[in-house]
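Lettering of chains follows the sequences in order, A, B, ..., and the numbering in each one begins at 1. As a basis for the values below, the full set of heavy atoms in this structure was taken, side chains included, without hydrogen atoms, waters or symmetry mates. From a predicted model like this one, the values you see are computed outputs, not experimental measurements.
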Amino acid sequence: MAEEKELRYDPAAIEPKWQQRWAADPKLYAADAADSGKPKYYVLEMLPYPSGQLHMGHVRNYAIGDALARHMWMRGYNVLHPMGWDAFGLPAENAAIKNNTPPREWTLSNIAAMKRQFGRLGMGFDWATEVTTCLPDYYRWNQWFFLRMHERGLVYRKKSKVNWCPECATVLANEQVVDGRCWRHEDTIVEQRDLEQWFFRITAYAQELLDGLDKLEGWPEKVRTMQRNWIGRSEGAEVDFFLAEDAVNAQNEDGSPRVIPAGRRIRVFTTRVDTIFGATSVQLAPEHPLVKDLAANDSGLATQVAQLLDEQKKAREAGDVGEIEKHGVPTGHFALNPYNGERIPIWVANYILADYGTGAIMSVPGHDARDFEFAKKYAIAIRRVIAPAASSAEEPELPFLSEDGVLVNSGEFNGLTCHQAQQRLAEIAKEKGIGEATVTFRLKDWGVSRQRYWGTPIPMIHCERDGIVPVPDDQLPVILPEQIAITQQGGSPLSRVPEFVNVTCPKCGGPARRETDTMDTFVDSSWYFYRYTDAKNSTQPFDPAKAQHWFPIDQYIGGVEHAILHLIYSRFWTKVMRDLGLITNDEPVRRLFTQGMVIKDGAKMSKSKGNVVSPDDMVAQYGADATRMYALFAAPPDRDLDWQEDGVAGVSRFLGRVYRLAMKYAPVARTAGAANAEPSGLSLKLLRKLHQTIAKITLDFEGRWHFNTCVAAIMEMVNEIQAADAQLAAGEVPAPVLRELLTMLVLQIAPFAPYMAAELWEELGGEGAVLRAPWPKSNPQLTREDELEIPVQINGKLVNVVRVPAGSAPEIVQAAALADEKVQSRIAGKIVAKVIVVPGKAVNLVIR
RNA sequence: GCGAAAGUGGCGGAAUUGGCAGACGCACCAGACUUAGGAUCUGGCGGGGAAACCCAUGAGGGUUCGAGUCCCUCCUUUCGCACCA
């Protein structure tokens with residue numbers, strides 16, 4: 001009775017004990033500062049927002065990263081595995097309004113709570129390098145970077161249409177608008193407002209950000225594609241059409257090529273300048289400046305244009321711009337094609353966007369699907385100007401969209417291929433000063449102003465005399481005032497704090513106003529991982545030598561929802577820091593892993609669905625080891641994981657079996673010496689399983705990361721050892737073998753169930769921390785079976801398996817297969833036409 | 001509409017290069033032990049069939065001695081992009 005009680009696995013006793021011991025050893029999870037020649041490994045999981053509660057998605061994310069970190073420690077790497085808090089942001093302000101708690105207090109107490117959760121989960125983070133982005137020792141460097149970028153012309157201020165979320169009561173970056181809605185408020189339609197805003201000139205790096213993607217081979221293709229789409233490079237040309245009414249002597253009688261007429265120009269952007277002879281109208285965006293001109297004396301037109309604009313806006317807000325029904329109105333004015341002087345009508349259309357390209361297009365219905373649709377609807381001329389390259393008998397139907405063709409009906413350019421014509425026509429445009437080849441990006445500059453309180457103050461001052469004046473470096477940080485009233489009134493809360501707003505101008509010493517916008521919180525997370533390498537530095541953001549040592553990050557792990565926002569901003573920031581001479585790497589992250597979501601009952605966990613599982617509850621009931629191990633066992637890490645509590649119970653039962661098995665034989669194993677005989681029989685069988693398991697898990701850590709099958713493999717091994725319990729109890733396996741089996745089992749469990757591993761490592765007499773023990777090496781002698789089971793097929797259908805010695809010659813395998821009784825009875829009276837022997841794999845008899 | 005990934009028992013999932021489909025776990029069934037306990041241990045568990053065997057990886061074709069895996073067509077789900085000129 002008493003004995004059985006001792007053998008009960010009780011995580012509630014084991015885990016707190018080790019948690020205390022680990023907390024008392026700050027060096028345990030610290031990177032080796034002396035860096036004694038070990039190769040470095042920087043493994044990082046995306047830092048959480050301190051909401052106050054870890055959720056299962058966090059547990060999964062950090063269980064993956066922690067397993068990898070622990071494995072790398074055991075492999076002898078100098079591992080940097082830090083953690084921090086993305087601590088600025090709106091929820092703190094909302095909580096302040098709701099509970100009348102200062103955001104700082106709310107945030108810091110949340111951090112304390114989540115840090116406890118991390119501790120309880122046994123996550124191996126080096127808290128000495130903790131970064132909390134809402135503290136001045138961090139955000140001052142946001143300001144410092146802002147000033148450096150300002151000096152380099154990478155920060156600017158402009159009045160522009162911005163995305164405004166009424167719910168957040170602030171501006172959003174383009175990246176934070178999803179289908180016309182706020183990324184945090186799916187039900188809130190984003191409005192457009194005109195505001196003076198600060199921008200980061202991310203477009204200056206558009207091309208490099210795009211090119212760099214090709215080299216990021218360690219990134220999921222999906223993420224690279226998303227970034228490529230987001231950057232949205234398109235090559236084309238801008239060409240000027242002319243307002244016909246301005247042209248002097250615009251029409252040649254004989255239709256010969258024209259002198260370029262003077263007058264108002266309508267610059268269009270096109271990716272298919274080779275089709276310009278097929279342009280049968282010019283289409284303007286409703287907000288195009290010329291439209292206002294043309295409608296000035298035409299109130300009918302003005303009304304119609306207003307309607308078109310309204311349709312466009314509605315479609316944008318509804319997020320279905322692609323579904324809008326195309327409408328347009330003719331202006332009654334005409335444009336001249338700069339290449340042949342052709343007079344074509346100018347229209348205004350609701351599908352032309354003012355903020356892409358030049359806000360005007362040439363419409364070529366013969367070779368563009370949208371233009372075709374539009375021309376059909378309004379009976380505008382449709383003309384073929386491209387023919388297929390191979391002169392096939394039949395002319396393909398219009399619209400003919402391929403760029404694989406030659407020009408026809410295009411005057412002197414007939415016969416050129418599309419690509420030749422694109423080049424040639426752009427050259428001519430350049431020579432004549434009517435256009436040029438251009439590259440257009442969809443990526444827009446990053447608007448970073450937020451009319452909110454809980455963020456990094458923008459270090460700028462508005463002086464009536466000197467205009468905008470940067471805060472001098474020696475006045476950094478601009479401290480966010482902490483005792484202020486936060487209410488839900490419009491505008492930035494900071495603008496109502498006179499002590500903050502009223503300053504003296506650093507230039508003239510006169511009275512001035514401090515900028516009251518704060519920075520987008522994505523600024524904080526754009527470079528936090530550099531700070532980890534030198535988190536306490538008070539004279540610079542980090543020591544370049546330290547960053548140089550650790551960067552790039554070897555493995556970054558997080559959710560795919562950051563594929564655009566965070567991951568493109570941090571790539572941008574890295575390039576800026578490189579150009580500032582702080583670092584030498586071009587990219588922050590070598591390998592990126594995006595784990596799947598945690599779902600329950602087929603849906604993402606959410607309060608509204610009532611399917612949230614609390615990590616605390618799981619840990620309280622089954623322990624941290626079981627919770628973490630289940631998070632790795634239930635699905636491969638890149639797939640969505642369906643949380644089933646019965647599964648956690650199953651893993652917990654498994655850990656109980658491991659515990660009892662190890663504890664039962666620890667007294668024997670602990671004192672065992674070295675093996676003195678070649679293993680055979682049961683010993684050999686068990687050692688074989690052990691070493692095959694080591695080989696499998698080691699391989700998985702090196703890239704495939706199917707930790708679910710790693711856990712399954714350990715289960716198989718434990719099952720096999722346990723099945724031999726009677727023989728073990730009878731002493732059939734020598735103590736040294738038992739010792740090897742158990743210690744190596746414990747070492748393999750260590751990345752997945754650190755508490756259990758620590759406890760059993762100690763019970764087995766292991767030296768020091770299990771984390772510092774070398775990862776087991778599989779012995780190739782032992783991973784190899786000496787007898788193989790070979791399936792025997794007849795016409796591809798399995799009939800039986802035969803056992804043959806490993807490495808048998810094909811003839812031997814064939815003979816064994818043919819000798820098999822079952823096979824014999826099946827081939828009796830038939831002709832064996834062919835025998836295929838795949839060494840080590842299969843035998844197939846083809847019979848007739 | 002375009003692009004990508006996925007589709008395997010009652011459920012989560014396994015099968016790394018084409019070679020024994022369903023490892024491992026859950027649920028369930030039966031049994032053992034037992035102060036009847038949400039503990040532990042043993043066995044069973046895709047479908048049909050008494051069995052021999054047959055059928056089965058979303059559907060249909062194909063390649064191959066052999067296909068969950070490769071190719072084609074289609075269906076479904078998820079994700080990304082979508083008047084970007």
A.B. asks: Has A:Asn844 got a side-chain atom pairing as donor or acceptor with A:Val835's backbone, closer than 3.5 angstrom?
C.D. replies: no
A.B. asks: Is A:Leu641 touching bases, backbone alone, or none of the nucleic acid, heavy atoms closer than 4.0 Å?
C.D. replies: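 Contact class for A:Leu641: none.
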A.B. asks: Which residues pass the side-chain contact (heavy atoms from CB on, under 4.5 Å) test with A:Gln207, not counting sequence neighbours?
C.D. replies: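 Partners of A:Gln207 under the side-chain contact (heavy atoms from CB on, under 4.5 Å) test: A:Leu210, A:Asp211, A:Arg233, A:Phe441.
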A.B. asks: Within the 4.0 Å heavy-atom criterion, would you say A:Thr270 contacts the bases, only the backbone, or no part of the nucleic acid?
C.D. replies: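 Contact class for A:Thr270: sugar-phosphate only.
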A.B. asks: Is A:Lys326 close enough and on-axis enough to A:Tyr351, meaning under 6.0 Å and within 45°, for cation-pi?
C.D. replies: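 Judged by the rule, A:Lys326 and A:Tyr351 form a cation-pi pair.
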A.B. asks: Taking A:Asp310 as the fixed residue, which of A:Gln307, A:Lys313, A:Lys314 is the one that meets the side chain to side chain donor-acceptor pair (under 3.5 Å) rule?
C.D. replies: A:Lys314
A.B. asks: Between the side-chain atoms of A:Lys834 and the base atoms of B:C65, is any donor-acceptor pair under 3.5 Å?
C.D. replies: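 Check fails, no donor-acceptor contact within cut-off.
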A.B. asks: Classify A:Asn719 by what it touches in the nucleic acid, base, sugar-phosphate, or nothing, heavy-atom distance under 4.0 Å.
C.D. replies: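 It contacts sugar-phosphate atoms only.
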A.B. asks: My validator wants the stems of RNA chain B: runs of 3 or more consecutive Watson-Crick or G-U pairs, both distances under 3.5 Å, written as range with range.
C.D. replies: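 Result, WC/G-U stems under 3.5 Å: B:1-7 with B:75-81, B:10-12 with B:24-26, B:28-32 with B:40-44, B:46-48 with B:53-55, B:58-62 with B:70-74.
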A.B. asks: Measuring only the P atom in each nucleotide, how far is B:C83 from B:A6? A whole number of Å is fine.
C.D. replies: 27 Å
A.B. asks: For A:His327, does its backbone N or O pair with a side-chain atom of A:Asn350 as donor and acceptor, under 3.5 Å?
C.D. replies: yes
A.B. asks: As a test of reading the structure: which of B:C53, B:G13, B:C81 is closest to the side chain of A:Arg826, going by heavy atoms?
C.D. replies: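 Selected nucleotide (nearest to the side chain): B:C53.
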A.B. asks: Consider only side-chain N and O atoms of A:Asn163 and A:Gln192, and report whether a donor and an acceptor are under 3.5 Å apart.
C.D. replies: yes
A.B. asks: What's the gap between B:G31 and B:A15 when it is taken at their P atoms, as a whole Å value?
C.D. replies: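 Per the computed distance, 36 Å lies between those P atoms.
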A.B. asks: List for me each residue that meets side-chain contact (heavy atoms from CB on, under 4.5 Å) alongside A:Asp625, sequence neighbours excluded, and say none if there are none.
C.D. replies: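 Checked A:Asp625 against side-chain contact (heavy atoms from CB on, under 4.5 Å); matches are A:Tyr9, A:Glu15, A:Leu655, A:Ala753, A:Pro754, A:Tyr755, A:Met756.
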A.B. asks: Between the side chains of A:Glu403 and A:Gln422, does any donor sit under 3.5 Å from an acceptor?
C.D. replies: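 Result is yes, a qualifying pair exists.
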A.B. asks: Check the phosphate of B:A14 against A:Asn708, side-chain N and O only, distance under 4.0 Å to OP1 or OP2. Yes or no?
C.D. replies: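 The answer is yes; a side-chain N or O of A:Asn708 sits under 4.0 Å from OP1 or OP2.
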A.B. asks: Kindly state which residues belonging to residues 800-822 of chain A come within less than 4.0 angstrom of RNA chain B, counting heavy atoms of the residue only, listed by number.
C.D. replies: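 Within this stretch, A:Val801, A:Lys822 sit under 4.0 Å of the strand.
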A.B. asks: Quick check: closest heavy atoms across A:Val619 and A:Thr627, and the distance to 0.1 Å?
C.D. replies: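 For A:Val619 and A:Thr627, the tightest heavy-atom pair comes out as N-OG1, 3.7 Å.
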A.B. asks: On a whole-Å scale, what distance lies between the C1' atoms belonging to B:G62 and B:A14?
C.D. replies: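 Rounded to whole Å, the distance is 28 Å.
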A.B. asks: For the C1' atoms, the ones on B:A52 and on B:G43, what distance do you get once it is rounded to whole angstrom?
C.D. replies: 25 Å
A.B. asks: Assign A:Asp640 to base, sugar-phosphate, or nothing according to its heavy-atom contacts below 4.0 angstrom with the strands shown.
C.D. replies: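 Since only primed, P, OP1 and OP2 atoms lie under 4.0 Å of A:Asp640, the category is sugar-phosphate.
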A.B. asks: Between A:Arg688 (side chain) and A:Arg784 (backbone), is there a donor-acceptor pair under 3.5 Å?
C.D. replies: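 Such a contact is found between A:Arg688 side chain and A:Arg784 backbone.
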A.B. asks: Distances under 3.5 Å between protein N/O atoms and the N/O atoms of nucleotides 41-48 of chain B, please, pair by pair.
C.D. replies:
from, atom 1, to, atom 2, distance (Å)
B:C41, OP1, A:Gln722, NE2, 3.3

A.B. asks: Can you check the distance between B:G19 and B:G66, where both ends of the measurement are the P atom (answer in whole Å)?
C.D. replies: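 Comparing P positions in B:G19 and B:G66 gives a spacing of 14 Å.
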A.B. asks: Find out whether A:Asp371 and A:Ile361 are in side-chain contact, i.e. whether some heavy atom of one side chain is under 4.5 Å from a heavy atom of the other.
C.D. replies: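 Of all side-chain heavy-atom pairs linking A:Ile361 with A:Asp371, at least one is under 4.5 Å.
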A.B. asks: For B:A32 versus B:C70, give the span between their P atoms, rounded off to a whole number of Å.
C.D. replies: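 After rounding to an integer number of Å, I get 49 Å for this pair.
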A.B. asks: Identify whether any heavy atom of A:Leu699 sits under 4.0 Å from a base atom; if not, whether one sits that close to sugar-phosphate; answer base, sugar-phosphate or nothing.
C.D. replies: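 Base contact.
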A.B. asks: Between OG1 of A:Thr280 and CD1 of A:Ile344, what distance do you get to the nearest 0.5 Å?
C.D. replies: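 Reported to 0.5 Å precision, the distance equals 7.0 Å.
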A.B. asks: Hey, does the side chain of A:His367 reach the backbone of A:Phe400 with a donor-acceptor pair shorter than 3.5 angstrom?
C.D. replies: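 Yes: the side chain of A:His367 pairs with the backbone of A:Phe400.
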A.B. asks: So, is A:Ser363 near the phosphate of B:A85, with a side-chain N or O under 4.0 Å from OP1 or OP2?
C.D. replies: no
A.B. asks: Rounded to the nearest 0.5 Å, how far apart are SG of A:Cys710 and CG of A:Leu699?
C.D. replies: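 The SG atom of A:Cys710 sits 9.0 Å away from the CG atom of A:Leu699.
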A.B. asks: Using a heavy-atom cut-off of under 4.0 Å over every strand shown, decide if A:Tyr630 touches base, sugar-phosphate, or nothing.
C.D. replies: nothing
A.B. asks: Do any N or O atoms of the protein come closer than 3.5 Å to N or O atoms of nucleotides 17-19 of chain B, and which pairs are they?
C.D. replies:
from, atom 1, to, atom 2, distance (Å)
B:G19, O2', A:Lys841, O, 3.3
B:G19, N2, A:Gln793, OE1, 2.6

A.B. asks: Look at all strands and tell whether A:Gly357 reaches a base, only sugar-phosphate, or nothing, counting heavy atoms closer than 4.0 Å.
C.D. replies: nothing
A.B. asks: Between B:C20 and A:Glu789, counting only base atoms on the nucleotide and side-chain atoms on the residue, is there a donor-acceptor pair under 3.5 Å?
C.D. replies: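 Indeed there is one.
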A.B. asks: Which whole number of Å gives the distance between the P atom of B:A67 and that of B:C81?
C.D. replies: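 Roughly 40 Å separates the two P atoms.
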A.B. asks: Could you tell me how far B:U64 sits from B:G9 if I compare only their P atoms? Round to whole Å.
C.D. replies: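 So the two P atoms sit 29 Å from each other.
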